[in-house]
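Please read these numbers as outputs of a predicted model, since none were measured by experiment. Atoms within a ligand are numbered from 1 in the order they appear, just like the ligands themselves.
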Amino acid sequence: MTTPAQSSPHGLVVVGGGPAARAAALAFREAGGSGSVVVLSDDTAAPYDRPPLSKDFLRGDADAGSLSLGDEYAEKDITLVLGAEVAELDTAAHTVRTSAGETYAYSACVLATGAAPVTLPVPGGDDQRVLSLRSLGEGTALRDAAAAASSVVVIGSGFIGCEAAASLAGMGKTVTQVSDETLPQVHRLGEDVGRTLAGWLTDAGVTLVGGVSVTGVEDGRRVLLEGHDAVEADLVLAAVGAHPLGELADTAGLDVHGGRVVADEHLATSAAGVWVAGDVAYARNATAGRHLVVEHWDDAEAMGAIAGTNAAGGDATWDKVPGFWSEIGSQFLQYSAWGDGWDTARFVDHGEGAFTVWYGQDGTTVGVLTCGADDDDEKGRELISAGAPLPA
Ligand SMILES: Cc1cc2nc3c(=O)[nH]c(=O)nc-3n(C[C@H](O)[C@H](O)[C@H](O)COP(=O)(O)OP(=O)(O)OC[C@H]3O[C@@H](n4cnc5c(N)ncnc54)[C@H](O)[C@@H]3O)c2cc1C
């Protein structure tokens, strides 16, 4: 098939359709990158706001139209190709090829393929009736199925599982949340936060079954648990994590670590002319002085902007402290951290439900989680950036 790419390379080809991809294309233009810009996304929807899928969108408080991230592509002379899955990256020829057989040549390429939900690794876990949540299509399927269901089992106690469970309970569904963690997020955020999240979920009407392993799913609706009665519901949502989509880079011979594409602090990969951004990146953060795994919305956008700027010939560096927010029912929290471990968690109760948790490693501040204490989040970012001692 003849494509414009075969006669002359595009200035930038972006692979992906999320926030990192969008930010990369816009930043390339902003930085004065020359040539045509093409964004290839295997999603059928133009880039949209993903976080509401487990929050307002699931609850029915936001519709698909309101999730749009903007339609400035034409205005910025960016070509967005939807339903285009990139199947091959050829770093010697400087081309990508879609599964439909179209070839796009590039001068610069940004990989922003993100992550996909992990399929529940038990018998029946791959049943089509066991839903997962990442794309707008999956979010719509979940919302539609929830409308017809009166009971739901949510498997997993990561943030997406907790947010979805609270949203579904708020819609009047009977929700059971099962997890192999004894308390939600206890491994990542510690006992105090685990107990707090469990309290929020219980108050929202969620029944928590913690510390159990799921051994199977029968008929798409009966969740079997080791050493515990099975839980049956009209609808089962598996929220058991996401795996980075680094295969494209891996097959092309780029450095890949744990499925993520390895990059320096400028988000340049091991292949000339190829940058990476977002959840699929394993990039070196200049301030941390080490490579980090980061799966947060704001950081995907920030990394996309850096990759796009550098692809245009700029010199941007990834040096900010990563962070995310989460809404669990009516509760809102923020977390800023390097995200690769801590040995001390210091919980400070501010009263009336507000709190801060300071995380330290060898006496140095490495993270801060806040609820109703925005000033501490700001202060925490400064302390983490500076490698300052853990606050008393
Ligand atoms: C339900 C939900 C709620 C969330 N809530 C929050 C929150 O409250 N706060 C927060 O900080 N983060 C949240 N996140 C995480 C956040 O959405 C991600 O960190 C962010 O989307 C990562 O952006 P990305 O561009 O790297 O990847 P993605 O958003 O995953 O986008 C990757 C895109 O690439 C496309 N793609 C993949 N492979 C190919 C290919 N081979 N060819 C072409 N296209 C391809 C995919 O279809 C997708 O469109 C949430 C995530 C989910 C799923």
Side-chain angles (χ1 to χ4, degrees), residues 13-25 38-58 67 69 80-89 96-100 102 104 109-118 131-140 142-143 154 156 158-165 167 237 239 241-252 260-261 267 276-283 293-305 307-308 322-328 332-337 339:
V13 171
V14 182
V15 184
R22 178 175 177 274
V38 180
V39 178
L40 302 170
S41 171
D42 64 4
D43 205 324
T44 50
Y48 48 84
D49 204 6
R50 213 177 279 287
L53 295 181
S54 48
K55 312 176 183 78
D56 342 18
F57 181 80
L58 177 55
L67 303 189
L69 290 181
L80 173 65
V81 187
L82 297 175
E85 183 200 22
V86 173
E88 190 184 298
L89 165 68
V96 300
R97 191 178 52 75
T98 68
S99 47
E102 291 176 318
Y104 294 79
C109 176
V110 173
L111 299 175
T113 46
V118 170
L131 300 185
S132 54
L133 182 57
R134 181 84 189 181
S135 67
L136 179 57
E138 289 165 331
T140 305
L142 173 63
R143 193 168 77 163
V154 176
F159 276 107
I160 293 173
C162 291
E163 290 178 355
S167 295
L237 170 66
H243 64 90
L245 295 174
E247 296 93 331
L248 194 61
D250 199 11
T251 310
R260 296 180 175 81
V261 185
L267 304 185
V276 67
D279 285 11
V280 76
Y282 183 59
V293 171
V294 174
E295 295 177 332
H296 318 323
W297 184 266
D298 289 347
D299 298 293
E301 281 189 330
M303 292 169 98
F324 69 77
W325 74 95
S326 178
E327 280 173 48
I328 298 174
F332 182 83
L333 49 80
Q334 294 186 84
Y335 181 58
S336 300

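Scanning all protein heavy atoms for the shortest distance to atom 9 (N) of ligand 1 gives Trp325 O, 3.1 Å. The nearest heavy-atom contact from the protein to atom 25 (O) of ligand 1 is Ala20 N, 3.0 Å. Looking only at protein heavy atoms, the nearest one to atom 35 (C) of ligand 1 is Asp42 OD1, 3.4 Å. Nearest protein heavy-atom neighbour of atom 53 (C) of ligand 1: Ile160 CD1, 3.6 Å. Of all protein heavy atoms, the one lying nearest to atom 37 (C) of ligand 1 is Thr113 O, 3.1 Å. For atom 14 (N) of ligand 1, the closest non-hydrogen atom of the protein is Pro51 CG, 4.4 Å. Summary of contacts: the protein heavy atom closest to atom 33 (C) of ligand 1 is Gly17 N, 3.1 Å. Protein heavy atom nearest atom 10 (C) of ligand 1, with residue, atom name and distance: Trp297 N, 3.5 Å.
When each of Val86, Val280, Val96 is checked for a side chain to side chain contact (heavy atoms under 4.5 Å, CB included) with Leu248, only Val86 meets the rule.
Contact between Ala21 and Gly16 at its shortest, heavy atoms only, is CB-O, 3.3 Å. In terms of heavy-atom proximity, Ala307 sits nearest to Ala277 at CB-CB, 4.2 Å. The heavy-atom pair separating Ile328 from Ser326 by the smallest distance is CG1-OG, 3.8 Å. Closest heavy-atom contact between Ala281 and Val276: CB-CG1, 3.9 Å. Residues Leu58 and Leu53 share a closest heavy-atom pair of CB-O, 3.3 Å. Across all non-hydrogen atoms, the minimal contact from Pro117 to Ser132 is CB-CB, 3.8 Å.
Under a 4.0 Å criterion applied to the non-hydrogen atoms of Leu40, ligand 1 contributes the atoms 43 (C), 44 (N). Ligand-side atoms of ligand 1 in range of Ser41: 43 (C), 44 (N), 49 (O), range being under 4.0 angstrom from any heavy atom. For ligand 1, the atoms lying closer than 4.0 Å to a non-hydrogen atom of Gly18 are 25 (O), 29 (O), 31 (O), 33 (C), 49 (O). Distances below 4.0 Å separate heavy atoms of Leu133 from the following atoms of ligand 1: 1 (C), 53 (C). Near Phe324, the atoms of ligand 1 lying under 4.0 angstrom from a non-hydrogen atom of the residue are 10 (C), 11 (O). Of all atoms in ligand 1, listed by their number and element, those nearer than 4.0 Å to a heavy atom of Gly278 are 26 (O). Every atom of ligand 1 with a heavy atom of Lys55 under 4.0 Å away is listed here by number and element: 5 (N), 6 (C), 7 (C), 8 (O). For ligand 1 and Ala84, the ligand atoms under 4.0 Å from any heavy atom of the residue are 42 (N), 43 (C).
For Arg143, the salt bridge (Lys or Arg N to Asp or Glu O under 4.0 Å) criterion is met by no residue, not counting sequence neighbours. Judged as a ring-ring contact (aromatic ring centres under 6.0 Å, His included), and not counting sequence neighbours, the contacts of Phe159 are Phe324.
Within the model, atoms CG of Leu80 and CG of Asp43 stand 10.0 Å from one another, a figure rounded to the nearest 0.5 Å. Here Arg260 contributes atom CZ and Leu245 contributes atom CG; the two are 10.5 Å apart, rounded to the nearest 0.5 Å. Rounded to the nearest 0.5 angstrom, Asp56 CG and Glu163 CD are separated by 10.0 Å.
At least one N or O atom of Val86, backbone or side chain, sits closer than 3.5 Å to an N or O atom of ligand 1. Ligand 1 has an N or O atom lying under 3.5 Å from an N or O atom of His296, backbone or side chain. Ligand 1 has no nitrogen or oxygen under 3.5 angstrom from a nitrogen or oxygen of Gly323. In terms of polar-atom proximity, defined here as any N/O pair under 3.5 Å, Asp279 does make such a contact with ligand 1. Ligand 1 has no nitrogen or oxygen under 3.5 angstrom from a nitrogen or oxygen of Ser326. By the 3.5 Å distance cut-off applied to N or O atoms, Glu85 is not counted among the residues near ligand 1.
Distance alone, capped at 3.5 Å, places no donor-acceptor pair between the Glu102 side chain and the Thr98 backbone.
Counting only heavy atoms from C-beta outward, the side chains of Leu111 and Leu89 approach each other to under 4.5 Å. By the 4.5 Å heavy-atom criterion applied to side chains, Trp325 and Pro51 are counted as neighbours. Between Leu136 and Phe57 the shortest side-chain heavy-atom distance falls below 4.5 Å.
Summarising the contacts of atom 3 (C) of ligand 1 with Ser54, Ala116, Gly16, Ala281, the nearest heavy atom is found in Ser54.
Proximity of Phe159 to ligand 1, defined as any heavy-atom pair under 4.0 Å, is not found for any part of the residue. With a heavy-atom cut-off of 4.0 Å, Val15 touches ligand 1 through its side chain alone. Residue contacts with ligand 1 for Ala115 involve N, CA, C or O but no side-chain atom from C-beta outward (heavy atoms, distance under 4.0 Å). Counting heavy atoms closer than 4.0 Å to ligand 1, residue Ala112 contributes backbone atoms (N, CA, C, O) but none from C-beta onward. Looking at Glu295 against ligand 1, only its backbone comes within 4.0 Å, counting heavy atoms. Using a 4.0 Å cut-off between heavy atoms, Leu245 contacts ligand 1 through its side chain alone, with no backbone atom that close.
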- Task: Would you check, one step at a time, whether the test salt bridge (charged side-chain N to carboxylate O under 4.0 Å, His left out) holds for Arg50 with Asp279?
- Result: CA-CA 13 Å; Arg50 213 177 279 287; Asp279 285 11; over 6 Å; no

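Residue-ligand proximity: Glu327 is placed with every non-hydrogen atom at 4.0 Å or more from ligand 1. Contact between Pro52 and ligand 1 is absent, with no heavy atom of the residue lying under 4.0 Å from the ligand.
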